[in-house]
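Below is one structure, written out as structure tokens; comments come after it.
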Number of protein chains: 2
Amino acid sequence: MEKLITILRERGYKITPQRRAVITAFLESDKFATAQQILDRVRETNPDMSLDTVYRNLALLVNLGVISEINIRGKDGNIYELITTEHHHHLVCLNCGKAECLDFCPINCEKLENASKNGFNITSHSLEFYGYCYNCRTTG
Amino acid sequence: MEKLITILRERGYKITPQRRAVITAFLESDKFATAQQILDRVRETNPDMSLDTVYRNLALLVNLGVISEINIRGKDGNIYELITTEHHHHLVCLNCGKAECLDFCPINCEKLENASKNGFNITSHSLEFYGYCYNCRTTG
DNA sequence: ATCGCTGCAAACAGTTTGCAGTCCA
DNA sequence: TGGACTGCAAACTGTTTGCAGCGAT
């Protein structure tokens with residue numbers, strides 16, 4: 001938390017209560033959240049918070065490279081997550097919508113090299129697995 | 001083309017000129033298209049076509065399991081693609097936005113089994129690679 | 001006292017829906 | 001002929017932007 005605040009301060013950004021609240025809510029959301037989820041959480045303590053501010057602060061954090069936006073199938077908007085040093089992927093539950101991190105990358109890099117030989121220079125990839133989490137499978 | 005028409009007919013759907021045009025345009029789009037791209041193409045021959053109809057027909061085809069919607073990073077909407085019998089992935093050029101198909105799945109399935117052992121039942125996955133295609137690399 | 005940040009409201013883009021008229025089967 | 005399909009317009013969702021005032025530095 002203070003680490004993020006320090007980064008912002010160092011780069012000349014002001015530390016407003018709203019900004020603090022967004023960061024706090026974000027860190028509390030278990031690394032995954034949509035803008036709306038963050039707003040809901042922030043409003044528990046800052047009822048006047050606006051969604052715009054959430055978006056603006058998330059965008060700022062994305063620009064600073066602190067968090068990232070990921071694509072999850074579904075229409076409820078983009079999901080933001082903390083950038084960790086490790087490149088990783090997600091298991092997304094089709095029932096409850098929760099995402100878990102995968103702690104390894106199951107991509108076969110040798111095969112990938114081949115694709116690059118066709119002239120395509122791969123710089124990144126996004127990989128999400130869909131299915132049903134333990135909870136939903138056993139209680140559904 | 002006629003195969004799709006037959007499927008529709010068999011299920012009791014009417015074959016309207018608009019529906020034909022959407023299917024034709026879709027097949028011509030090299031298997032990838034956004035709703036808007038299909039509309040643009042359709043309008044070359046059917047200038048009165050509306051975007052709603054494109055959406056409705058794409059949704060119908062998705063429901064019939066004939067085409068699918070895929071997530072590509074970017075804000076210009078969902079991309080639809082023909083379902084082929086082969087499960088496959090895409091190389092998406094960050095410069096021109098074009099997508100190419102990958103003819104194999106570079107996912108290491110053994111490792112994946114492990115994840116499932118944590119209680120998560122994986123039913124599908126989406127994987128997109130981002131980078132720069134030959135054209136953009138050499139002419140950019 | 002700045003100048004960035006905020007809330008508000010309005011604008012956006014992509015998509016969906018209600019409705020009255022059209023047209024395929 | 002009748003129900004499915006269409007175009008239009010309006011609604012909706014997630015997101016962005018313009019603006020005037022507020023507040024961290």
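This is a predicted model, so every value here is computed, not measured.
- Summarising the geometry, the separation between CG on A:L60 and P on C:dG4 is reported as 13 Å, rounded to the nearest angstrom.
- Proximity of A:L58 to A:F26: side-chain heavy atoms (C-beta onward) are separated by under 4.5 Å at one or more points.
- Among residues at least two apart or in separate chains, there is no salt bridge (charged side-chain N to carboxylate O under 4.0 Å, His left out) pair with a member in residues 42-51 of chain A.
- Taking atom CD of B:Q37 as the reference point, atom C1' of C:dA13 lies 15 Å away to the nearest angstrom.
- With sequence neighbours left out, B:S50 forms a side chain to side chain contact (heavy atoms under 4.5 Å, CB included) with B:D52, B:T53.
- Residues of residues 10-22 of chain B that place a heavy atom closer than 4.0 Å to DNA chain D, in numerical order, are B:Y13, B:K14, B:T16, B:Q18, B:R19.
- Every residue meeting the side chain to side chain contact (heavy atoms under 4.5 Å, CB included) condition with B:D40, not counting sequence neighbours, appears here in chain and number order: B:Q36.
- Here the shortest heavy-atom pairing between B:I15 and B:L8 reads CD1-CB, 3.8 Å.
- Applying the salt bridge (charged side-chain N to carboxylate O under 4.0 Å, His left out) definition to pairs two or more places apart or across chains, none involves residues 56-67 of chain B.
- Judged as a side-chain hydrogen bond (donor to acceptor under 3.5 Å, both in side chains), not a single pair has a partner in residues 7-18 of chain B (not counting sequence neighbours).
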Atom pairs, protein N/O to nucleotides 8-11 of chain D N/O, distance under 3.5 Å:
residue, atom, partner, partner atom, Å
D:dC8, N4, B:D52, OD2, 3.4
D:dA9, N6, B:D52, OD2, 2.5

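- At the phosphate of D:dT6, OP1 or OP2 sits under 4.0 Å from a side-chain N or O atom of B:N57.
- Within the structure, salt bridge (charged side-chain N to carboxylate O under 4.0 Å, His left out) contacts touching residues 15-24 of chain A (residues at least two apart or in different chains) are A:E2-A:R20.
- Whole-Å rounding puts the B:D40 CG to C:dG14 P distance at 11 Å.
- Residue A:L39 contributes atom CG, which lies 15 Å from atom C1' of D:dT13 at whole-angstrom precision.
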